[in-house]
Q: 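My questions all concern the structure below.
Below, read A as the first sequence line, B as the second, and so on, with proteins coming before strands; counting in each chain starts at 1.
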Number of protein chains: 2
Amino acid sequence: MDVTTADGPTMRFDVFDAFCPSRRLLDTIGNKWASLVIVALGLQGRMRYSELSARIAGVSQKMLTQTVRGLERDGLLTRTVTPSVPVRVDYELTPLGLSLLDTIRHLKEWAEEHMAEVDRAREEYDRKSA
Amino acid sequence: MDVTTADGPTMRFDVFDAFCPSRRLLDTIGNKWASLVIVALGLQGRMRYSELSARIAGVSQKMLTQTVRGLERDGLLTRTVTPSVPVRVDYELTPLGLSLLDTIRHLKEWAEEHMAEVDRAREEYDRKSA
DNA sequence: CTGCATCCCCCGAGATACTG
DNA sequence: CAGTATCTCGGGGGATGCAG
C-alpha cells in the first residue's frame, strides 16, 4: 500500500518488515499493560498513578511505570506532575492516544462478539486431541 | 457492557479481568507472529507451511509451528494435510479468522496514519531527556 | 505518593539435530 | 516437506528496599 506523506511523495508499508510502522504498532498494542492503560484512561479520563495501579489488577509498580513512560514517549498520553507534598502525578490521553483508543475499541467489540466461538473451537480441538 | 448470549441472558465484560474474553484476545493479536500469519493468509489465501515460512521473515520453525497450532486451536484457521510424498500441509483462514482480519486491518490503518506522529513524539521525548 | 534500583527467577524463543 | 525434540540463553517481569 502506498500513502502520500508530508515528508515525501510516497511511502511503502510492509508489515512483514520489522521496521515498518505497522509492525512497530504491534509492539505497542501487543503489550497488554499498555492497552489496559489506554482503555482505563479512555473510560475515566485523567487518572493518578495510584488510580491506574488500583484499576489495573495485577500490574506491578515497575511494569506500570515502565508502561506509562513508553506511552508518554510515544505521545499517546501526557504526564503531569503537581509539586505538592506528597507529589501528585496525573496521566491523560492525548488526541493521538484517543484515536488509538477508537481502534482498540474495535478489538474489544470483536472479542465480545466472537470469543465465545473461539472458546467452542478450543474445546472441540482439545477434545479431539485427548 | 452487557451482551445477550446463547448461553444466558447477559454476560458482563471486563477487560481488567484476566479471564475476560476481551483480555484473552489481547494475548492472541498481541502475538506478532499470530498477527502476521493472519495478515499473510488474508493477502494470499491458502498457503503452505513453507510459503508462510518464506513470507514471514525472521520467524523460526518452532515459533511458526507453535503459532499456527494456536490459531488452529482457536478456530481462526484450518490445517489441511495432503498425504502425498512429501507431505503437503495447507493453512487457510476460517470465516472467524477472516472477521478478525478485518479488525486487524483497522490497526494497520491506524499505524499507517499515525505512526509518523509517534516517531516525532519519540524524537521530541528523547531530545528532552538527553 | 510516586517512583527508581537491585536482585532474581522463569520461560519465551532461537539454534541445532533428528524423523515420518 | 513439515514438522518434533532437546538444549541453551537473554530478558521480561515480580519482589523488595530505598528516595524525593
Q: Could B:Asp14 and B:Arg23 be called an ion pair, given the rule that one side-chain N must be under 4.0 Å from one carboxylate O?
A: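 Salt bridge flag = no for B:Arg23 with B:Asp14.
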Q: For the pair made of CD1 in B:Ile56 and C1' in C:dA13, what is the distance, rounded to whole Å?
A: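 One finds 16 Å between C1' of C:dA13 and CD1 of B:Ile56, rounded.
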Q: Ignoring backbone atoms, test whether A:Ser50 places a side-chain nitrogen or oxygen under 4.0 Å from the OP1 or OP2 oxygen of C:dT2.
A: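 Yes, within the criterion.
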Q: Check every atom of C:dG3, D:dT4, D:dC1 against the side chain of A:Tyr91 and return the nucleotide holding the closest atom.
A: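 The listed nucleotide nearest to A:Tyr91's side chain is C:dG3.
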Q: Determine whether B:Tyr91 and B:Thr80 satisfy the following criterion, side-chain hydrogen bond (donor to acceptor under 3.5 Å, both in side chains), listing intermediate values before the conclusion.
A: CA-CA 6 Å; B:Tyr91 297 93; B:Thr80 309; over 6 Å; no
Q: Which sits closer to the 5' end of DNA chain C, A:Val81 or B:Lys62, going by the nucleotide each is nearest to?
A: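 By nearest-heavy-atom nucleotide position, the 5'-most residue is A:Val81.
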Q: In whole angstrom, give the distance that lies between atom CD of A:Gln66 and atom P of D:dG13.
A: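 Atom CD in A:Gln66 sits about 7 Å away from atom P in D:dG13.
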Q: List the atom of B:Phe16, the atom of A:Val39, and the distance in Å for their closest heavy-atom pair.
A: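 For B:Phe16 versus A:Val39, the nearest heavy atoms are CZ-CG1, 4.1 Å.
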Q: Send over the distance from B:Met63 CE to C:dC11 P, rounded to a whole Å.
A: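 The distance from CE of B:Met63 to P of C:dC11 comes to 15 Å, rounded to the nearest Å.
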Q: Measure from the side-chain heavy atoms of B:Val87 and tell me the nearest of D:dG17, D:dG3, C:dG20.
A: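 The listed nucleotide nearest to B:Val87's side chain is C:dG20.
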Q: Run through B:Arg122, B:Arg127, B:Arg120 and flag the one making a salt bridge (charged side-chain N to carboxylate O under 4.0 Å, His left out) with B:Glu124.
A: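 Among B:Arg122, B:Arg127, B:Arg120, the one meeting salt bridge (charged side-chain N to carboxylate O under 4.0 Å, His left out) with B:Glu124 is B:Arg127.
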Q: What nucleotide among C:dG14, D:dG20, D:dA2 has an atom nearest to a side-chain atom of B:Tyr49?
A: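 Side chain of B:Tyr49 sits closest to D:dA2.
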Q: Please state how far atom CZ in B:Arg88 lies from atom C1' in D:dA2, giving the value in whole angstrom units.
A: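 Answer to the nearest Å: 12 Å.
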Q: So which atom in B:Leu76 and which in B:Leu96 form the shortest heavy-atom distance, rounded to 0.1 Å?
A: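 For B:Leu76 versus B:Leu96, the nearest heavy atoms are CD2-CG, 3.8 Å.
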Q: Without decimals, in angstroms, what is the distance between B:Leu64 CG and C:dA15 C1'?
A: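 For the pair B:Leu64 CG and C:dA15 C1', the rounded distance is 16 Å.
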Q: Are B:Arg69 and D:dG3 close enough that a side-chain N or O sits under 4.0 Å from OP1 or OP2?
A: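 The answer is yes; a side-chain N or O of B:Arg69 sits under 4.0 Å from OP1 or OP2.
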Q: Considering only C:dT2, C:dG14, D:dA2, which nucleotide approaches the side chain of B:Arg48 most closely?
A: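 So the nucleotide nearest the side chain must be D:dA2.
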Q: Can you identify which nucleotide, out of C:dC1, C:dG14, D:dT4, has its nearest atom closest to the B:Ser60 side chain?
A: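 Of all the options, the side chain of B:Ser60 is nearest to C:dG14.
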Q: Once you round it to whole Å, what is the distance between P of D:dA15 and CD of A:Gln61?
A: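 Those two atoms, CD and P, are 11 Å apart.
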Q: Would you kindly give the CG-to-C1' distance between B:Leu52 and D:dA2, to the nearest whole Å?
A: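 For the pair B:Leu52 CG and D:dA2 C1', the rounded distance is 12 Å.
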